[in-house]
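Chain A is the first sequence line, chain B the second, and so forth, proteins listed ahead of strands; every chain is numbered from 1.
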2 protein chains.
Amino acid sequence: VTDDLKRVTFVGGGRGQWIVESMEALVGRGLRRVERVAVVEGPFEYGPRQGAWRLRGVTGHERYVTRAEQEELRRRSSGLGRTEATRTVLIPIRKTSAWWELAQDERRAIFEEQSHHIQLGLRSLPAVARRLYHSRELGEPFDFLTWFEFAPAAGEAFNELLRELRRTTEWTFVEREVEIRLRRAVPP
Amino acid sequence: VTDDLKRVTFVGGGRGQWIVESMEALVGRGLRRVERVAVVEGPFEYGPRQGAWRLRGVTGHERYVTRAEQEELRRRSSGLGRTEATRTVLIPIRKTSAWWELAQDERRAIFEEQSHHIQLGLRSLPAVARRLYHSRELGEPFDFLTWFEFAPAAGEAFNELLRELRRTTEWTFVEREVEIRLRRAVPP
């Protein structure tokens with residue numbers, strides 16, 4: 001019905017276009033180790049039931065960025081699906097209830113004025129493309145699923161982005177985080 | 001999994017604790033006229049399949065209020081389920097894509113600095129209790145379902161709140177709105 005939102009189910013198992021290179025639980029409980037991840041777009045009602053685990057998310061409107069930041073992000077971002085972006089990383093995150101109980105102005109201040117989340121992300125553009133999916137209100141085990149795409153040459157820039165984000169005040173509110181590194185399977 | 005969120009399904013049909021007094025489509029398409037509304041709490045997976053229509057929503061964190069506003073709202077609000085609150089109103093709303101494409105600072109400015117949504121709501125407290133459910137990311141036909149509860153004597157204060165909200169700039173972004181007035185069925 002709300003056709004402008006994109007729904008996705010990440011299915012961890014033995015099938016799919018993405019070969020798992022590593023899976024690491026950074027905070028809290030991990031996910032069962034799998035060989036492959038399939039990315040299934042579309043309504044959840046018709047979503048897959050197979051796999052060792054399934055993570056569902058939906059895109060949404062911007063929660064924290066201002067108009068000026070939004071314009072800069074759009075100007076500098078690259079789209080998903082670039083041929084050279086053969087490396088992807090899926091990072092499911094869950095934040096503490098303390099985070100969700102904060103008011104909007106408090107969350108914004110931690111997100112950007114203290115943690116510079118947007119500014120750090122801008123530094124990795126356009127090399128690292130990303131899309132954020134929301135999961136919390138779907139009753140999922142994680143609050144967010146972030147999907148990153150980049151060429152192998154941008155791997156170090158991506159690693160630096162992760163290191164910097166994980167040092168922020170915002171990250172003290174993360175109570176579960178898993179990092180799943182993937183590479184595109186060569187078509188047969 | 002995210003146990004702090006409340007999930008509800010409003011089922012319009014011939015059954016339920018709430019007798020429909022009126023149903024009105026204010027903007028856009030209405031909903032089929034029914035006799036009763038049942039309020040079913042809990043996970044959607046096990047939700048009801050009956051009824052002429054079903055509207056699902058989930059509570060969430062505050063999207064626009066500051067810490068100071070949040071504290072004032074909490075201090076002055078009454079809880080749901082008061083014995084004297086025999087009148088309830090369910091208002092499903094859908095906003096335009098133009099609204100959702102705005103950045104956070106633009107939506108906040110329209111919501112409060114221009115439309116005084118929070119200040120208008122405060123005036124009707126504690127007489128009118130309310131709870132906001134989010135539906136947009138669930139793939140529902142509406143973006144929000146707001147549930148109001150009040151005693152018959154507060155009916156006029158509630159009507160005045162609706163009149164004022166519908167005159168705001170924020171409401172120019174509403175593309176569908178239905179008003180469903182209910183009264184509690186006397187237990188047999």
Original post:
Only one of B:Glu177, B:Glu164, B:His117 forms a side-chain hydrogen bond (donor to acceptor under 3.5 Å, both in side chains) with B:Trp171, so which one is it?
Top reply: B:Glu177
Subject >> Evaluation steps, side chain to side chain donor-acceptor pair (under 3.5 Å), between B:Asp143 and B:Trp100 >> reply: CA-CA 10 Å; B:Asp143 294 336; B:Trp100 295 112; 2.9 Å; yes
**OP:** Scan A:Leu122, A:Ile118, A:Val65 and name whichever one has a side chain to side chain contact (heavy atoms under 4.5 Å, CB included) with A:Glu72.
**Re:** A:Leu122
Original post:
Tell me, side chain or backbone of B:Glu101 under 4.5 Å from chain A's heavy atoms, or both, or neither?
Top reply: backbone
**OP:** Calculate, to the nearest 0.5 Å, the distance between atoms CD and CD belonging to A:Glu69 and B:Gln104 respectively.
**Re:** 11.0 Å
Original post:
If you count heavy-atom pairs under 4.5 Å between each of A:Thr66, A:Leu102, A:Val58 and chain B, which one has the most?
Top reply: A:Thr66
Original post:
Which bit of B:Arg107 comes within less than 4.5 Å of chain A, counting heavy atoms only: side chain, backbone, both or neither?
Top reply: side chain
